[in-house]
Amino acid sequence: MPELPEVEAVRRQLEPVMVGARITRVELRRPDLRAPFPRRFAQRMQGATTLALTRRAKYLVASLSSGDSLVMHLGMSGSFRVPHASDAGDAHDHVVFHLSSGVEVVFNDPRRFGFMDLVRTARVDRHPSLIGLGPEPLSAAFDAAALARACAGKRTSLKVALLDQQVVAGLGNIYAVEALHIAGLSPLRRASTIATPGGVPREAAGRLAAAIKQVLDEAIDRQTSAPYRSDRFRVYDRAREPCRRPRCPGVIRRRTQAGRSSFYCPVCQR
DNA sequence: ATTGAGACCTGTCGGC
DNA sequence: TGCCGACAGGTCTCAA
């Protein structure tokens, strides 16, 4: 489920519930997710108040009054919910945060590709999962120049480059493919072609950077207004269907790149 | 240094 | 109905 827009939606949903509330108890239903929980994970959070809930790329970070920060990732199938009294629970509810407000926050993750770690807040920026991340795509730091610099000299495809979290942090398979369609760029094209050999942006870099911002902005907006729409994607999962660009006669193709499915229009994406 | 392939897990869907 | 393979929105590790 989660790329940057979905993680941001989770953050907005949890923020009013968690921030300001004290964690009375943390219940671990199993010893690990993708990795084992750190030593004394639950005990270290007990009694602490959540001061802030922020997002970096696809990671959520809860900073606690104890001086620790909880770093979380949803993997492929992770989700949070605030159960009501009638909630029956689920076999994949792995972590339950009991809050002083009486509310519970439950982390559910069938595939267990998610993870949680607890580190000193002063060192959270140096967390191994966060340290290598590239620019936030919606920040001013991410523009044509930054994208071109990151792609210059790259021999991989544009699509694979966009999935590289060092190039831009937070894009996943769906929005990478969507942004390329908006920009009219083929996912198969060599990443280095959007920059000069010196790393100066060509025109395509500007289009792509703008398309990335657009597709993420739209998706974040949609999370709050109309999360479920059958036509929410331009190309993703639309193989053999007509291209949605006005007057484009193309038909969407599917191809595997680096083990992930790409979808693109061979007519209007070059 | 980059890059691709495989691994990690469970669930769902389409075809037979 | 059941079984089987293919696939799923992510990231890490390992070997070329």
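A, B, ... follow the sequence lines: proteins, then strands. Residue 1 opens every chain.
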Whether A:Glu136 and A:Arg56 form a salt bridge (side-chain N of Lys/Arg under 4.0 Å from carboxylate O of Asp/Glu) is what I want to check. yes
I'd like the C1' distance from C:dC12 over to B:dG11, given in whole Å. 22 Å
Drop me the distance from A:Arg25's CZ to A:Ile23's CD1, to the nearest 0.5 angstrom. 12.5 Å
Can you sort out the partners of A:Asp217 under salt bridge (Lys or Arg N to Asp or Glu O under 4.0 Å), two or more places apart, ordered by chain and number? none
Using whole Å, report how far CD1 of A:Ile174 lies from C1' of C:dG9. 4 Å
With a cut-off of 6.0 Å (strictly less than), are more than 12 heavy atoms of other residues, nucleotides or ligands near CG of A:Asp125? no
List the residues meeting side chain to side chain contact (heavy atoms under 4.5 Å, CB included) with A:Val103, not counting sequence neighbours, and say none if there are none. A:Val17, A:Val82, A:Ser101
Counting only heavy atoms and a strict 4.0 angstrom limit, can you tell me which residues of residues 147-155 of chain A come near DNA chain B? A:Lys154, A:Arg155
For a quick test of reading the model: is some side-chain N or O of A:Tyr175 closer than 4.0 Å to OP1 or OP2 of C:dG9? no
same_hphob_cluster(A:Leu33, A:Leu118) at 4.5 Å side-chain heavy-atom cutoff: yes
Checking A:Thr121 now: which residues fulfil side-chain hydrogen bond (donor to acceptor under 3.5 Å, both in side chains) with it, not counting sequence neighbours? A:Ser69
Find the distance A:Asp109:CG to C:dG9:P and express it as a whole number of Å. 15 Å
Using a 3.5 Å limit on both distances, find every run of at least three consecutive Watson-Crick or G-U pairs that involves DNA chain C. B:2-8 with C:10-16, B:10-16 with C:2-8
Nearest-angstrom distance from the residue atom CD of A:Glu178 to P of C:dG9: 12 Å
Who are the salt bridge (Lys or Arg N to Asp or Glu O under 4.0 Å) partners of A:Arg255, not counting sequence neighbours? none
Hey, where on DNA chain B does chain A first and last touch, going 5' to 3'? Cut-off is any atom under 4.0 Å from a heavy atom. B:dT3 to B:dG11
Pairs meeting criterion salt bridge (charged side-chain N to carboxylate O under 4.0 Å, His left out) with involvement of residues 146-155 of chain A, two or more places apart: A:Lys154-A:Asp164
Excluding A:Phe115, membership of its hydrophobic cluster (Ile, Leu, Val, Met, Phe, Trp, Tyr; side-chain heavy atoms within less than 4.5 Å) reads A:Tyr59, A:Val61, A:Val71, A:Val119, A:Val124, A:Leu130, A:Leu133
Give one of base, sugar-phosphate or nothing for A:Phe115, where a contact means two heavy atoms less than 4.0 Å apart. nothing
Under a 4.5 Å side-chain heavy-atom rule over Ile, Leu, Val, Met, Phe, Trp and Tyr, are A:Met116 and A:Leu99 clustered together? yes
Once you apply a heavy-atom cut-off of 4.0 Å, does A:Gly259 come out as touching a base, just sugar-phosphate, or nothing? nothing
Using the test salt bridge (Lys or Arg N to Asp or Glu O under 4.0 Å), find all partners of A:Arg253 that sit at least two apart in sequence or belong to another chain. none
List for me each residue that meets salt bridge (Lys or Arg N to Asp or Glu O under 4.0 Å) alongside A:Arg120, sequence neighbours excluded, and say none if there are none. A:Asp68
Figure out the CD/P separation between A:Gln257 and C:dG9, and round it to whole Å. 13 Å
Going 5' to 3' through nucleotides 11-16 of chain C, assign each nucleotide B (protein heavy atom under 4.0 Å from a base atom), S (under 4.0 Å only from sugar-phosphate atoms) or - (no protein heavy atom that close). BS----
A:Phe233 vs A:Tyr175 aromatic rings, parallel, tilted or perpendicular, using cut-offs 30° and 60°? perpendicular
In whole angstrom, give me the gap between the P atoms of B:dA1 and C:dT11. 23 Å
